[in-house]
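In what follows, chains carry the letters A, B, and so on, assigned in the order in which the sequence lines appear, proteins first and then strands, with residues in each chain numbered from 1. None of these values were measured; they are calculated from a predicted model. These values consider heavy atoms only, across backbone and side chains, with no hydrogens, waters or symmetry-generated copies.
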Amino acid sequence: MGTQIERGFGARVLRPWVAAAFLVSPLLALSAPDTWADGEEGPKRSWTILAERVYTASGDVIEGGWVSVVDGKIAAVGPAPNVADGENVLRVAAVTPGLIDLSPNIDLGFNSVEQESEVTPDVRVAHALDPFSRDFARALRSGVTTVLCSPPDENVIGGLSVAVKTGGAASIAARTVLEDAVLRGSFGTQPSRRNSPAFGRARTIYNRRPTTRMGVEWLWRKSFYEAHVARQDAQRAFPGVEQLHRVVDGALPLMVQASATQDIRTAIFLKAEFGIPNLILDHAAEAWKEPELLKRSGASVVLPPYAWNGRTAVDRGLHAWNTAVLLEELGVTFALSARNAEDVDERLPMQAAYAIRGGLSPERALRAVTIDPARMIGIDGRVGSLEVGKDADIVLWTGEPFRFTSSIAGVMLEGELVVDPR
Amino acid sequence: MLSLLTPVALFAAYVAAPAALAPALGGEPGLAPQARQAPPALVVRAPKIHLGDGRVVEGGALVVSGGKVQAVGADVAVPQGARVLEHDGPVTAGFVLAHSHLVPRGEAFDATRTALPEARLATAFRASWPDLEDALHAGVTSVVIAPTPQNVVGGQAAVVKTAGGRVLEPASHLTLSLSRLAADDTRPPTSYAGLVREIERHLAGRQGVFARVAEGKLPVLVTANDRHEVVRAVELAGRTGLVGAIVGAPLAGELLDVLAPSKLGVVIDAPGAGTSQRVREAHVALARSEIPFALRWSEAENLRTGLAALLRGGAERARLERALMADGARLAGVAGKVGLLERGADADFVLWSGDPFEFGSRVVAVYIDGQRIEGDKR
């Protein structure tokens, strides 16, 4: 890939003689009038972006580079040719791919988790999200273009998460990048904290198990055990068994919230017991405390937001500034997340800045909010880096990205300039 | 012999007497139906007759007999022996509302189960229920009574007349709910995803009434209020082939692109005192689109004044009239019977003292199936 000018999908729009004329007159090369038109087809989706530094997140930082966007896709990335100013030319200090948050905490609260049962693997959170929610708009403004929405962790197994763009059409279905991306569940206190036993007659649906951590773990093992039995005997199938089979077969990643060390251990033991190939530990700030277990398991980690008190919001796990560096040293794949912070200083770009402050290299920090989360859930074919053919989800910066002194000048989603730097 | 014949003769005279007396008694059905005479036709002449689909007949007449409309137009033949009624104000078709809970209190929501597909609200219809009279005196002659949206499958709605007790259609729609009211954490389903899953399961199972619903033979009334609820409802209908209308949707006018391809209608509340400017503008946008919409009965009687507000906001009068009458009947599933004054339709019409959209106008009289009910002074 390197510093060559990429010819990809966009090149098919250009005529052959243009390629020869390209070196002579970049403006001729760019003149495909139909693609610049705005109006009837909606917002403009074709641009020329020139940046002092182009951070592709695929290994290269291009000095004096450009990104050519045609019809919402990246058509070219490389050293910039001479381009005169125009209404579709943007000049900024730096560009990065649109950020990706695997734990954005965007949902409708209790109305997004089906509590008729503690284990609901077949419920799709995609049917319980609000595309008009301000949470999506807030994430988009802070540079996050793709998120993985999950059911709230009130259930032991809450159901199927969905990867969606944070803007665009007025429906979750139209914004979906990957349906049924992961199966979501939780260890720890959250699934049990509202429950109490029914002494005598049950009065509400919360008079049920589990009421402790060990009850939660019991339900996990029971679910996977019964799925295993249902494999031998089809009569013993139950709603959700298909999803559990897909998890065990490796076709569906399992993403669990496991904040404290004992919950991380429990999750890894479950993975080992049932041979679950692909495990993602969300909110796992204390993952570094079990280095051998973590490395042997091959699990990946989503780190929660850094808090100034050094503790995580859920289960008060220890989360110092250098947590990310420790995981890097262990060779563990990890991503950063922001849990939909309202405070501007706690959103995903700042989380990367905090990780850098804790010792993480800027290149790794960039990857931890772009291509690595994309790879963890298998959407890296479409998003996560500035490569030809991928969606034009781009963040435009006033200075070096993830610096305390820089800010986001603009955000582009599939070629639409949703936050305009001009 | 005479002694035997006398009782027979007396009996025959007894039987024949009512028939002989029939004209004097005003045509009561007696023991000799063959002698009963048809009541005379009624001809209503008025400067403006609003047919119900937006068309207005000027200086014409409406001919009604046997509880049905015989003719309406500018030049109609007056049948022999017809009574002629000259009315100096507008006449409209009776209003048809596509959704309401006009049944005795507590009857529209059954808490035993969250899905009651075979329950029929027609069982709870009480013709003497006072709220029906309120609707009647607002010009409403037919109305859909539906279960409330606290249950994901509330039951089967019905179409009834607001006076006279006639049930026009005992099982007109299946009521579904995708609103927050149906998803609370006191009992399952507790989430929107659970609501969708439950409805899809029933449709896939095709048991009972769901067999017809799944084939699009029985329309549904789906309650959805917030914009994401409306989008979810439209997408569910698209996936499963549902026909019918969305109830509520105050911001439907902001979702025209989502609604248009779906062929679903929308049943809205007329705006009232507390309705925001944003909702009013959305209603005007809806009225200016091609999406069929109708009105529902809400507790406050602001049907006409609310629509007048939309008129001021830029909606067209013809479209609003259609929403009240012809499209109301269409979304209620009773087009052809009510909602439009044409030959063969029920003789449901309203005599007004002035323009129905004017606050100062009142109902002079309502005819339902040809029977006159005097307007009261409200």
J.: Is the side chain of B:T190 donor-acceptor paired with the backbone N or O of A:N111 at a distance under 3.5 Å, no angle test?
T.: no

J.: Heavy-atom distance under 4.5 Å between the side chains of B:S191 and A:Q115, does that happen here?
T.: no

J.: Looking at B:E235, B:R187, B:E229, which one has more heavy-atom pairs under 4.5 Å with chain A than the rest?
T.: B:E235

J.: Assess whether a salt bridge exists between A:D130 and B:R227, defined as any Lys/Arg side-chain N lying under 4.0 Å from an Asp/Glu carboxylate O.
T.: no

J.: What is the minimum heavy-atom distance between A:P131 and B:H228, and which atoms define it?
T.: CD-CB, 3.6 Å

J.: Atom CZ of residue position A:R236 - does it have more than 12 heavy atoms of other residues, nucleotides or ligands inside 6.0 Å?
T.: no

J.: Indicate the atoms forming the closest heavy-atom contact of A:H127 with B:R232, along with that distance.
T.: O-NE, 2.5 Å

J.: Looking at B:Q207, I'd like to know if its CD atom is crowded, meaning that more than 12 non-hydrogen atoms belonging to other residues, nucleotides or ligands lie closer than 6.0 Å.
T.: no

J.: Restricting to non-hydrogen atoms, name the atom on B:G194 and the atom on A:E114 that form the minimum distance, rounded to 0.1 Å.
T.: CA-OE1, 3.1 Å

J.: For B:E200, I'd like to know if atom CD has over 12 heavy atoms of other residues, nucleotides or ligands within 6.0 Å.
T.: yes

J.: Does a salt bridge link A:E116 with B:R197, judged by any charged N lying under 4.0 Å from a carboxylate O?
T.: yes

J.: If you count every heavy atom of other residues, nucleotides or ligands that lies below 6.0 Å from A:E242 atom CD, does the total exceed 12?
T.: no

J.: Report, as yes or no, whether the 6.0 Å neighbourhood of atom CZ on B:R239 holds more than 12 heavy atoms from other residues, nucleotides or ligands.
T.: yes

J.: What residue in A:V123, A:V125, A:I172, A:T204 has the most heavy-atom pairs under 4.5 Å with chain B?
T.: A:V123

J.: Can you find a heavy atom in the side chain of A:I205 that is under 4.5 Å from one in the side chain of B:P188?
T.: yes

J.: Is the number of heavy atoms from other residues, nucleotides or ligands under 6.0 Å of A:R138 CZ greater than 12?
T.: yes

J.: Would you please test B:D184 and A:F110 for side chain to side chain contact (heavy atoms under 4.5 Å, CB included) and show each step?
T.: CA-CA 8 Å; B:D184 70 75; A:F110 284 119; over 6 Å; no

J.: Is there a side chain to side chain contact (heavy atoms under 4.5 Å, CB included) between B:R180 and A:L108 once you walk through the steps?
T.: CA-CA 10 Å; B:R180 193 180 317 131; A:L108 290 166; over 6 Å; no

J.: Would you find more than 12 non-hydrogen atoms of other residues, nucleotides or ligands less than 6.0 Å from A:D420 atom CG?
T.: yes

J.: For the side-chain contact (heavy atoms from CB on, under 4.5 Å) test, which of B:D226, B:V231, B:L251 pairs with A:F132?
T.: B:V231

J.: Against chain B, label A:S112 side chain, backbone, both or neither, depending on which of its atoms sit under 4.5 Å from a heavy atom there.
T.: backbone

J.: Side chain, backbone, both or neither: which part of B:L178 has a heavy atom under 4.5 Å from chain A?
T.: neither

J.: Does a sphere of radius 6.0 Å around CZ in B:R330 hold more than 12 heavy atoms from other residues, nucleotides or ligands, not counting ones at 6.0 Å or beyond?
T.: no

